[in-house]
Amino acid sequence: MPRATVSPIDPTLLEPVLRPRREASLLPREAFFDPDVLAWELERFFEHSWVCVGREEDAPDPGSLFTATVGSESLLIVRGEDAVLRCFFNVCQHRGTQLVTERTRASNGPLICPYHSWTYGLDGRLRSAEHMSDTPGFDGASCGLTPVPAETLGGWVFVNVSGTAGSLTSYLGDFPDRIARHRTGDLRRAGRREYDVLANWKGLSENFQECYHCPTIHPDLVRVTPYRSGRDDETHGPWVGGPMDLAPGCTTMSWTGVTDRPPITGLPAEDRTQVHYYTVLPNLWVSLHPDYVMTHTVSPQEPGRTHIVCEWLFPQETMAADGFDPSDAIDFWDTVNRQDWEACERVQRGIGSRGFRGGRYSGMEDTIHWLAALFARSYLEGRIVRADQVGIEIELGR
Ligand code: FES
Ligand SMILES: [Fe+2]
């Protein structure tokens, strides 16, 4: 049952979101504008969930590391001498200095605090702390970096800041089954773009899951994928989404819709004519193409501002081939991304107007109604729930 006291939004405003799609309302404006709602989301939806912070290849060698921010916490993801990736809070146990400020660092020995040079091993243990020997009771063995649960899946690194989300696989439910055929763990990054978008992170997530807008704002995209071809997969995890068809004769998403790149090895025939789009809460969007995988990772900065990292992953053998050039895919999606961001920024500017009286969902928007209902139920429960636990009948397909 909903626990009304935990919701950051009045439950009576969420009830209309949780009606069947034909009767449902949009998320209330507080969800898009209220700093207290965002603070609550960062704690309950991000710090208490498994959040994607990067790829394993971001820290490839012993001693290499990258930093990430989840909710209010700065984190350090380090590959140890034993090749294991570990996550720690990015803070020295002496006087609390932030240890690393760079986004990434190549292999460079132990972690040395820039303030008084306390030195930590790659496993987080305190190795040396000068001038502490006359401090009674000082126990270096208990002054290691504070660990954060970290796990990898399909090449991605996930962390759970609160340590309360159970295992990664129990959190993700059946999502690993959706990505297995595309062998995402074997793929490597060939491109990365970062965007600062003046829109709420949930509005951006909703936009990613509907193609009602495609004929209006994505003329190149609708040539390679019929905009009404999307379906929803059955889901038993914190995710929604499903496939769209490629247009006849098309083999990928690019300006031309065709490519010389081979499909991902072992991909079943039906996946060679489809692209699968998944939103995994809270912060990962995965787009599975026949020959590459695109991801967006989403980091809310303010109620109306979101940082998005978009990456393009390809099979290593494709990248090693003579003349490998991913720019058709990257430039295509970079253009589509920017079209989407502009639309979402317009929504963000308009939805707060006192002249906006509501809004209804079309038959093309049942996935985003599902997503809005998932957010609404998650507000009421105080944590992200599975999409099949929203508590309303969802119409699969469109
Ligand atoms: S704060 Fe890190 S060594 Fe002093
Ligand atoms: Fe779009």
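In each ligand, atom 1 is the first atom listed, and ligand 1 is the first ligand listed. The analysis underlying the following values was restricted to heavy atoms, covering all of them including side chains, and did not include hydrogens, waters or symmetry mates. Model, not experiment: these values are computed from the prediction.
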Check whether NZ of the Lys or CZ of the Arg Arg29 lies under 6.0 Å from the centre of the six-membered ring of Phe33 and within 45 degrees of that ring's axis. yes

Residue and atom names of protein N/O/S atoms that fall under 2.8 Å from atom 2 (Fe) of ligand 1: Cys92 SG, Cys113 SG

List the steps and the verdict of salt bridge (Lys or Arg N to Asp or Glu O under 4.0 Å) for Arg86 and Asp82. CA-CA 11 Å; Arg86 295 181 180 82; Asp82 54 2; 2.6 Å; yes

OH (Tyr379) and CG (Leu27) are apart, to the nearest 0.5 Å, by 6.0 Å

Same apolar cluster: Leu65 and Phe158, side chain cutoff 4.5 Å: no

Look at Cys211 and state whether any of its N, O or S atoms is less than 2.8 Å from the Fe ion (ligand 2). no

For Asp331, I'd like to know if atom CG has over 12 heavy atoms of other residues, nucleotides or ligands within 6.0 Å. yes

Could you tell me if Arg55 sits above the aromatic ring of Trp156, with its cationic atom closer than 6.0 Å to the ring centre and no more than 45 degrees from the axis? yes

For salt bridge (Lys or Arg N to Asp or Glu O under 4.0 Å), just list the numbers for Asp366 and Arg231, CA-CA rounded to whole Å, side-chain angles, deciding distance to a tenth of an Å, and then say yes or no. CA-CA 10 Å; Asp366 38 19; Arg231 283 92 70 196; over 6 Å; no

So, 2.8 Å as the limit: is an N/O/S atom of His213 located closer than that to the Fe ion (ligand 2)? yes

Name, closest N/O/S atom of Asp340 to the Fe ion (ligand 2): OD1

